[in-house]
Amino acid sequence: MDGAVRLYRETRHSEETGRSLLSSIGEIAQIAGWIASDAGEHDQAERTYRLGVSAAREAGDHALVGNLAGSLAYQLSNTGHEDDGVSLARAALDEAGPDAPAKARALYLDRVAWAHTKAGEAQAALRALIEAHEAMAVEDSHASPDWAYWVSPEELDVMDARVYTELRKPLRAVPLLREVLSRYDSTHTRELALYLSWLAVALVDANEPEEAAKTARRMLDLSADSASERTAQRGRIVLTKLEPYRQVPEVREVLDTHAA
């Protein structure tokens, strides 16, 4: 990313080329910020996201501004800054505007839903989930940005299930997660492990400790060699959730194997 910034600052170029360079800086910042955040380097991630927001805003790329600001909002929501997460997620949605590409707008709304979930605002979270699906279903006259390639109805279902799990609604979360996981690409190990972690928590809440232990074992085995701090954190959450059921043999085996 430093090279792209130097190229923009130290070379002469047309206005159109300048905007293109600024958008590229924003897109690189999105990737670099996500990597730093996933590794637990939250201060570095925030600085990177904010640099990207500045570049995208100067380029007039409002959709990219929304993506970067929403990514930072997501990090804030997950690191104990829930009110800031809600404010920034909503600001990202507002700045991108109602004419943002459908996939992008659905993504912003999913992040709004998550921010409200982490803030304990269940009704606002559930409304945002509905709005995300509605946005995704709109006939889109705008081409989706390249960075939104991964946004799909299946990914919206995953966020639905995560919100339901966090709000302690396992009867909604469990069947949805099982359906998504039944057709998920098993080569995406990190994402698969994360989704399994949500299923394990939902199964505990559904009073199914044996199934939760089975799911947790699979999740922990998948993430054993991962460098993702996010995945490691989810593993710790799953183990903590299982601890009250230690008397169940399947749970005790998982705890004894992985708790250390």
Quiz item: Measuring from E229:CD to D38:CG, what's the distance to the nearest 0.5 Å?
Solution: 8.5 Å
Quiz item: Considering all heavy atoms of both residues, which atom of V238 and which atom of A216 are nearest to each other, and what is their separation?
Solution: CG1-CB, 3.5 Å
Quiz item: Are any of the side-chain heavy atoms of E250 and Y245 separated by less than 4.5 Å?
Solution: no
Quiz item: With W198, which of L176, I237, T165 fulfils side-chain contact (heavy atoms from CB on, under 4.5 Å)?
Solution: T165
Practice problem: Measure across A135 and R105 and return the closest heavy-atom pair with its distance rounded to 0.1 Å. | Solution: CB-CG, 4.2 Å
Quiz item: Do V86 and L107 share a hydrophobic cluster (ILVMFWY, side-chain heavy atoms under 4.5 Å, transitive)?
Solution: no
Exercise. Report the distance from atom CG of L156 to atom CG of L109, rounding to the nearest 0.5 Å.
Key: 9.5 Å
Self-check item: Lys/Arg-Asp/Glu bridge criterion (N-O < 4.0 Å) met for R178, E211
Solution: yes
Exercise. Measure the shortest side-chain to side-chain distance between S223 and S228 over non-hydrogen atoms and say whether it is less than 4.5 angstrom.
Key: no
Practice problem: Determine, using the 4.5 Å side-chain heavy-atom cutoff (strictly less than), whether V151 and Y149 are members of one ILVMFWY cluster. | Solution: yes
Quiz item: What orientation do W114 and Y74 show, parallel under 30°, tilted 30 to 60°, or perpendicular over 60°?
Solution: tilted
Quiz item: Counting only heavy atoms not in R190, do more than 12 sit closer than 6.0 Å to its CZ atom?
Solution: yes
Self-check item: Shortest non-hydrogen contact between A92 and G70, atoms and distance
Solution: CB-N, 3.7 Å
Quiz item: Between R111 and S71, is any side-chain donor less than 3.5 angstrom from a side-chain acceptor?
Solution: yes
Exercise. Taking atom types as modelled, find out whether T48 and Q44 have a side-chain donor-acceptor pair closer than 3.5 angstrom.
Key: yes
Quiz item: What about L177 and L196, same hydrophobic cluster or not, with Ile/Leu/Val/Met/Phe/Trp/Tyr joined at side-chain heavy-atom distances under 4.5 Å?
Solution: yes
Practice problem: Return yes when atom CG of D83 has more than 12 non-hydrogen atoms of other residues, nucleotides or ligands closer than 6.0 Å, and no otherwise. | Solution: no
Quiz item: So E166 and R162, salt bridge (charged side-chain N to carboxylate O under 4.0 Å, His left out) or not? Walk me through it.
Solution: CA-CA 6 Å; E166 195 78 7; R162 290 176 58 196; over 6 Å; no
Quiz item: Will you find, in the side chains of Q75 and S37, an N or O donor that is under 3.5 Å from an N or O acceptor?
Solution: yes
Exercise. Could you verify whether a donor N or O on one side chain and an acceptor N or O on the other, from H133 and D160, lie under 3.5 Å apart?
Key: yes
Quiz item: Does the pair E179/R183 count as a salt bridge with the N-to-O cut at 4.0 Å?
Solution: yes
Quiz item: Quick check: are there more than 12 heavy atoms from other residues, nucleotides or ligands sitting under 6.0 Å from NE2 of H42?
Solution: yes
Quiz item: If you measure from OG1 on T189 to CG on D221, what distance do you get to the nearest 0.5 Å?
Solution: 12.0 Å
Quiz prompt | Reported CZ-to-CG distance for the pair R218 and L199, which is rounded to 0.5 angstrom | solution = 9.5 Å
Quiz prompt | Any side-chain donor near an acceptor of the partner, Q233 and R230, under 3.5 Å | solution = yes
Practice problem: I would like to know whether E210 and K214 meet salt bridge (charged side-chain N to carboxylate O under 4.0 Å, His left out); could you show each step before the answer? | Solution: CA-CA 6 Å; E210 295 87 355; K214 179 181 176 181; over 6 Å; no
Exercise. Would you check if the side chain of R252 reaches a backbone N or O of R246 as a donor-acceptor pair within less than 3.5 Å?
Key: yes
Exercise. Drop me the distance from L76's CG to Y49's OH, to the nearest 0.5 angstrom.
Key: 10.0 Å
Quiz item: What is the minimum heavy-atom distance between A55 and G26, and which atoms define it?
Solution: CB-N, 4.2 Å
Self-check item: Euclidean distance, S77 OG relative to K118 NZ, rounded to 0.5 Å
Solution: 8.0 Å
Practice problem: Indicate, with yes or no, if L222 and L194 share a hydrophobic cluster defined by side-chain heavy-atom contacts under 4.5 Å among Ile, Leu, Val, Met, Phe, Trp and Tyr. | Solution: yes
Practice problem: Answer yes or no: is there an ion pair linking R57 with E95, defined by an N-O contact shorter than 4.0 Å? | Solution: yes
Quiz item: Are side-chain heavy atoms of E27 and L64 found at a separation under 4.5 Å?
Solution: yes
Quiz item: So, for L242 and A212, which heavy atoms are closest and what is the spacing to 0.1 Å?
Solution: CD2-CB, 3.9 Å
Self-check item: Side-chain donor-acceptor contact under 3.5 Å, H116 with R90
Solution: yes
Practice problem: Return the minimal non-hydrogen interatomic distance between A29 and G52, and the atom names on each side. | Solution: CB-CA, 3.5 Å
Quiz prompt | Ring geometry between W147 and Y108 (parallel below 30°, tilted from 30 to 60°, perpendicular above 60°) | solution = tilted
Self-check item: V163 side chain reached by M159 side chain, heavy atoms, under 4.5 Å
Solution: yes
Quiz item: Is there a chain of hydrophobic side chains (I, L, V, M, F, W, Y, each step under 4.5 Å between heavy atoms) that links L126 to M136?
Solution: no
Self-check item: T215: which of V254, L181, V201, L203 passes side-chain contact (heavy atoms from CB on, under 4.5 Å)
Solution: L203
Quiz item: So, do M219 and T231 sit near enough that their side-chain heavy atoms are less than 4.5 Å apart?
Solution: yes
